[in-house]
Protein chains: 2
Amino acid sequence: MSKQDLPVVDLSAPACCSPLTSEPLDAQRAVELARVFKALGDPVRLRLLSLIASHEGGEACVCELTGVFDLKGPTISHHLKVLKEAGLITGDRRGTWIYYRVSPSTLRTLGDVLTVDPADEPAGVSA
Amino acid sequence: MSKQDLPVVDLSAPACCSPLTSEPLDAQRAVELARVFKALGDPVRLRLLSLIASHEGGEACVCELTGVFDLKGPTISHHLKVLKEAGLITGDRRGTWIYYRVSPSTLRTLGDVLTVDPADEPAGVSA
DNA sequence: CCTCTGTCTCGACAGTCATCGAAACAAGGA
DNA sequence: TCCTTGTTTCGATGACTGTCGAGACAGAGG
């Protein structure tokens, strides 16, 4: 459980995209993926990500995010940092404001990992 | 932060499947989703899920999972419980052994949430 | 230069989590 | 019945996490 200050997660490793269901995950990849899933494992971060992603232009500045929650600035800043270190968002400063946007590739890699082979799916999925 | 003993997560709510990127997540749905993502946010649980999913027949008994890790029985049992309460796996006893299998629907819901609209994707994705 | 606003870093606190040993429970067999 | 094996529950402990206030840093505009 040593939680030293790791750099930003980079999920671009080749085998990262094979579904969980197709073959056992090797230990190291599991650690990388877990770090990203853990970043998604908080309601505030999930909403932050969603707010950024769905915001006009695909980006949002912190000032537009802070008011949505009953949380103080440092807390929002902390969550944004976690998302950034997980490789889920990127931020750049433009003048006074800092704009964040999502990294679609990381999001997509996660989606691929969770893919379920239709063969494994029970036949009658009552939608 | 009251973390009372909530029942198993049920992600079958209607709007649960719309992507994060299409519209802001409402607070309650964020809580449900976060609980499932948090369950995935541990390397051991990710590997357990992967081992179960990719095991012959789509199911595995605890005895086949324990040996893979340098962890004691109670710890594995704890992680399996977390996965079960997140709605990611189900377990049933058959004689002496308990067999676990994944719930593809939950996995698929998560995949849908992480879907990225191709329009948001940068053009040249060198795959 | 100073000041103001937006955002982050630091340090602290309470709550939660991962892990374990010990013990309980369940099923099968002698 | 007792014993053995597989699995879970309980209680404890150390590590991590979410939150905040105080203060620092960055840029814009006097």
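In what follows, chains are A, B, ... by sequence order, proteins preceding strands, each numbered from 1. Values below: every heavy atom of this structure, side chains too, minus hydrogens, waters and symmetry copies. No experiment lies behind these values; they were computed from the predicted model shown.
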Q) Listed in order of residue number, which residues of residues 60-67 of chain A have a non-hydrogen atom at under 4.0 Å from DNA chain D? A)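 Result for residues 60-67 of chain A: none.
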
Q: Check step by step if side-chain contact (heavy atoms from CB on, under 4.5 Å) holds for Arg29(B) and Leu33(B).
A: CA-CA 6 Å; Arg29(B) 195 121 42 221; Leu33(B) 283 170; 4.2 Å; yes

Q. According to a strict under-4.0 Å criterion, is Arg45(A) in side-chain N/O contact with OP1 or OP2 of dG18(D)?
A.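 For dG18(D), OP1/OP2 do have a side-chain N/O of Arg45(A) under 4.0 Å.
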
Q) With respect to the phosphate group of dT7(D), does any side-chain polar atom (N or O) of Tyr100(B) fall under 4.0 Å of OP1 or OP2? A)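 Indeed not, no polar side-chain atom of Tyr100(B) lies that close.
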
**Q.** Approximate separation, where rounding is to 0.5 Å, of Asp70(A) CG and Thr75(A) OG1
**A.** 11.5 Å

Q: Working to the nearest 0.5 Å, report the span between CG of Leu20(B) and OG1 of Thr115(B).
A: 9.5 Å

Q) So which one's nearest nucleotide on DNA chain D is more toward 5', Arg94(A) or Val82(A)? A) Val82(A)

Every protein N/O lying under 3.5 Å from an N/O of nucleotides 20-26 of chain D:
| residue | atom | partner | partner atom | Å |
| --- | --- | --- | --- | --- |
| dC20(D) | OP2 | Lys72(A) | N | 2.9 |
| dC20(D) | OP2 | Thr75(A) | OG1 | 2.9 |

Q.
I need the single residue from Leu71(B), Ile52(B), Val44(B) that forms a side chain to side chain contact (heavy atoms under 4.5 Å, CB included) with Leu65(B). Which is it?
A.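 Running side chain to side chain contact (heavy atoms under 4.5 Å, CB included) over Leu71(B), Ile52(B), Val44(B) with Leu65(B) returns exactly one hit, Ile52(B).
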
Q) Between the main-chain N or O of Val62(B) and the side-chain N or O of Thr66(B), is there a donor-acceptor pair closer than 3.5 Å? A) yes

Q) Which listed nucleotide (dT19(C), dC17(C), dG18(D)) is nearest to the side chain of His79(B)? A) dT19(C)

Q. Are Ile98(A) and Leu83(A) connected, step by step, through hydrophobic side chains (Ile, Leu, Val, Met, Phe, Trp, Tyr) whose heavy atoms are closer than 4.5 Å?
A.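 Yes, same cluster.
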
Q.
Over all strands shown, is Lys38(A) touching base, sugar-phosphate only, or nothing at heavy-atom distances under 4.0 angstrom?
A.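 Since only primed, P, OP1 and OP2 atoms lie under 4.0 Å of Lys38(A), the category is sugar-phosphate.
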
Q) Is the shortest heavy-atom distance from the side chain of Thr90(A) to the side chain of Ser103(A) under 4.5 Å? A)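 Contact flag for Thr90(A)/Ser103(A) side chains = yes.
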
Q. Where is the tightest heavy-atom contact between Pro24(A) and Leu51(B), given as atom of each residue plus distance?
A.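 So the minimum-distance heavy-atom pair works out to CB-CD2, 3.8 Å.
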
